[in-house]
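To keep things clear, I will list the structure first and then write my remarks on it.
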Amino acid sequence: MTQHSNSASATPVHATPAEIQQAAAQLRAGALVALPTETVYGLAGDATNDQAVARIFAAKGRPHFNPLIAHVPDGQAAAKLTVFPPVAQRLAQAFWPGGLTLVLPRAADCPVSALASAGLDTLAVRVPNHPVALALLREVGLPLAAPSANRSGQISPTLAEHVRTSLGSAVACVLEGGACAVGLESTVLDLTGAEPVILRPGALAREALAQVLGQMPRVFSETLGEADRPASPGLMGRHYAPALPLRLNATEPAPGEVWLTFGAVRQSALPEGVQRLALSETGDVVEAAANLFALLHAADRPTFRGIAVMPIPAEGLGLAINDRLRRAAWGR
Ligand code: TXA
Ligand code: MG
């Protein structure tokens with residue numbers, strides 16, 4: 001590709017339609033693609049593909065599972081994935097495409113991976129305001145889960161170059177989109193409660209939201225370090241916890257339990273009446289992460305006395321799996 005200017009302020013050439021088509025094919029095949037948005041570059045994967053979503057967490061090296069934003073090309077696509085009330089319609093009309101993310105109840109037939117919602121019955125949706133992102137979303141025809149395209153704990157990327165440095169080998173390609181115009185993550189607004197609440201202040205000002213909402217939305221504040229719980233920045237109370245007691249590091253199941261297994265299990269290890277659900281038959285932590293929340297939901301039935309989970313190594317995504325399980329088991 002030729003750069004026609006040697007000026008330092010030259011706008012980088014945006015990804016071509018052919019590059020966008022190729023990226024869409026890679027996404028359909030389950031690979032990850034870095035895409036520019038007006039806020040920050042995102043690390044995108046097919047939100048309906050459990051394994052692709054698990055790979056996003058693996059690539060970021062996140063020690064826990066944060067729920068992810070599903071990116072869509074327009075409000076209609078968002079309304080198909082979620083229960084979309086009139087207030088969401090008004091906000092979408094006013095601010096999409098743009099730096100506003102809406103948290104809404106998942107639609108009954110929502111095809112987005114349970115891992116992308118971190119097991120919650122809600123989903124965050126956003127229409128990004130960037131020509132390359134919008135072209136890719138239309139081309140791929142799938143919702144794209146995309147956190148900021150940096151390794152956990154590093155600074156959010158606002159140039160394609162930042163992504164290449166931080167995540168180069170984890171992505172099939174980095175789509176060029178120039179410098180992010182906003183450079184700050186989207187505002188996350190939770191519409192699932194009695195009143196709208198800002199979960200994360202960001203690209204869209206609270207005052208702008210107030211104009212459409214007719215009231216100044218409250219900003220959620222974390223209560224950190226509660227005595228009886230592990231500190232969990234950004235996550236407290238917003239994760240699925242099963243109703244049944246959860247027993248960790250269970251090398252064998254007790255009568256009446258449902259057993260979530262990891263790796264090969266001999267049939268003789270399975271007492272009569274114990275049901276087994278495999279997180280991964282081959283002991284693959286990416287596969288186990290992809291299955292984790294869906295299997296916790298499946299296991300959480302009053303027909304069982306409790307859920308037992310086999311030990312899972314704390315390597316790669318295993319760290320996040322163990323973190324999540326510890327939280328789910330806390331205080332039970
Ligand atoms: O600007 C942005 O939002 C960028 C670009 C790439 O779109 N994305 C981004 O994603 O910042 P991420 O994963 O780094 O941040 C998503 C935020 C987190 O604070 C997360 O807790 C919140 O959205 N979130 C996502 N789903 C949620 C849900 N179902 N309930 C509550 N919060 C949710
Ligand atoms: Mg981030």
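Order of listing sets the numbers, starting from 1, for every ligand and every atom in it. Heavy-atom basis, side chains included; hydrogens, waters and symmetry copies ignored.
By the criterion of a heavy-atom distance under 4.0 Å, both the backbone and the side chain of Ser148 are placed next to ligand 1. With a heavy-atom cut-off of 4.0 Å, Thr122 touches ligand 1 through backbone and side chain alike. Using a 4.0 Å cut-off between heavy atoms, Arg62 contacts ligand 1 through its side chain alone, with no backbone atom that close. Within the 4.0 Å heavy-atom criterion, both parts of Glu185, backbone and side chain, lie near ligand 1. Counting heavy atoms under 4.0 Å from ligand 1, residue Leu199 touches it through the side chain alone.
Considering backbone and side-chain N/O of His71, one or more are found under 3.5 Å from N/O of ligand 1. At least one N/O-N/O distance between Ser186 and ligand 1 falls below 3.5 Å. On a distance-only criterion, Thr39 and ligand 1 share at least one N/O pair closer than 3.5 Å. Below 3.5 Å of separation, one finds no N or O of Thr37 facing any N or O of ligand 1. At under 3.5 Å, a nitrogen or oxygen of Arg126, whether backbone or side chain, sits near a nitrogen or oxygen of ligand 1.
No donor-acceptor distance shorter than 3.5 angstrom exists from the side chain of Lys60 to the backbone of Ala149, with no hydrogens or angles considered.
The OG1 atom of Thr101 sits 6.0 Å away from the NE2 atom of His71 when rounded to the nearest 0.5 Å. Separating the CZ atom in Arg247 from the CH2 atom in Trp259 is a distance of 9.5 Å, to the nearest 0.5 Å. Taking CG of Leu204 as the reference point, atom CH2 of Trp96 lies at 11.5 Å (rounded to 0.5 Å). Distance OH/Tyr41 to SG/Cys180: 5.5 Å, rounded to 0.5 Å. Atom-to-atom distance recorded for Leu248:CG and Met310:CE is 13.5 Å, nearest 0.5 angstrom.
A pairwise comparison of heavy atoms in Glu281 and Glu287 identifies N-OE1, 4.3 Å as the closest pair. Here the shortest heavy-atom pairing between Ala254 and Val274 reads O-CG2, 3.7 Å. When all heavy atoms are compared, the tightest approach of Val33 to Leu27 is CG2-CG, 3.8 Å. Heavy atoms only, all atoms of each residue included: Pro242 and Asp300 are closest at CA-OD2, 3.1 Å.
Considering each of Pro67, Ala34, Ser152, Pro105, the one bringing a non-hydrogen atom nearest atom 24 (N) of ligand 1 is Pro67. One option in Ala146, Gly42, Ser156, Ala124 has a heavy atom closer to atom 8 (N) of ligand 1 than any other, and that option is Ala146.
Of all atoms in ligand 1, numbered sequentially from 1 with element shown, those under 4.0 Å from a heavy atom of Asn66 are 21 (O). Close contacts of ligand 1 with Val188, meaning ligand atoms under 4.0 Å from a residue heavy atom, involve 23 (O). Every atom of ligand 1 is numbered from 1 in the order shown, and the set under 4.0 Å from a heavy atom of Ile69 is 3 (O), 8 (N), 9 (C), 10 (O), 16 (C).
Not a single heavy atom of Pro128 sits less than 4.0 Å from an atom of ligand 1. Ligand 1 does not have Ser117 within reach: every non-hydrogen atom of the residue lies 4.0 Å or more from it. Contact analysis leaves His130 out of contact with ligand 1, as no non-hydrogen atom separation drops below 4.0 angstrom.
A salt bridge links Glu38 with Arg126: the distance from a Lys NZ or Arg NE/NH1/NH2 to an Asp or Glu carboxylate oxygen falls below 4.0 Å.
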